[in-house]
Amino acid sequence: MFYPLHFLPFTAVGLAWQVAIVAAVYAIVRISQRMVGSGSAREAMVWTAGLIWLEPARVALDLGQVGVFLTLAVLYAAYSTRWWLSGLLVGLAAGVK
């Protein structure tokens, strides 16, 4: 799955991966806010800034792990009202894990 990335410069891929992890943490916070029924984008940014210092996100940033993306997929599956999308996302997350 990650084979095509080795054709790109390592620095560019590493930077893009870290930006994608921070964006995924922000998306996790926003989906969580929507599931609870409150919160704004500004609050989500503050939560994201705090969460990237906690161990799971920090380790994902340090080691380039995919756990944040798997969490995002499963959380969006729980949020989605379409049964086929929920099943697809959970299946893909389980397959990657």
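In what follows, residues are counted from 1 in the order of the sequence shown.
- When the side chains of ILVMFWY residues are joined at heavy-atom separations under 4.5 Å, either directly or via intervening members, V59 and V29 end up in two distinct hydrophobic clusters.
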Show every donor-acceptor pair shorter than 3.5 Å between a side-chain atom in residues 1-25 and any protein atom, with sequence neighbours excluded, or say none if there are none.
from, atom 1, to, atom 2, distance (Å)
H6, ND1, Y3, O, 2.6
W17, NE1, G64, O, 3.2
Q18, NE2, L61, O, 3.4

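- By the side-chain hydrogen bond (donor to acceptor under 3.5 Å, both in side chains) test, E43 pairs with no residue at all, sequence neighbours left out.
- If you chain together hydrophobic residues whose side chains sit under 4.5 Å apart, V74 and L85 never meet in one group.
- Listed by first then second residue, pairs satisfying salt bridge (Lys or Arg N to Asp or Glu O under 4.0 Å) with a partner in residues 61-78 read R58-D62, not counting sequence neighbours.
- Clustering of Ile, Leu, Val, Met, Phe, Trp and Tyr side chains at separations under 4.5 Å places M45 together with Y26.
- Screening residues 71-92 for side-chain hydrogen bond (donor to acceptor under 3.5 Å, both in side chains), with sequence neighbours left out, gives no hits.
- Following chains of ILVMFWY side-chain contacts shorter than 4.5 Å, one can reach W47 starting from L54, so the two form part of one hydrophobic cluster.
- Sorted by first then second residue, the side-chain hydrogen bond (donor to acceptor under 3.5 Å, both in side chains) pairs that include residues 28-39, not counting sequence neighbours, are R30-Q33.
- With side-chain heavy atoms closer than 4.5 Å counting as contact, directly or through intermediates, V46 stands alone and belongs to no larger hydrophobic cluster.
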Donor-acceptor pairs under 3.5 Å, side chain of residues 88-97 to any protein atom, not counting sequence neighbours: which ones?
none

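- Listed by first then second residue, pairs satisfying salt bridge (Lys or Arg N to Asp or Glu O under 4.0 Å) with a partner in residues 8-23 number zero, not counting sequence neighbours.
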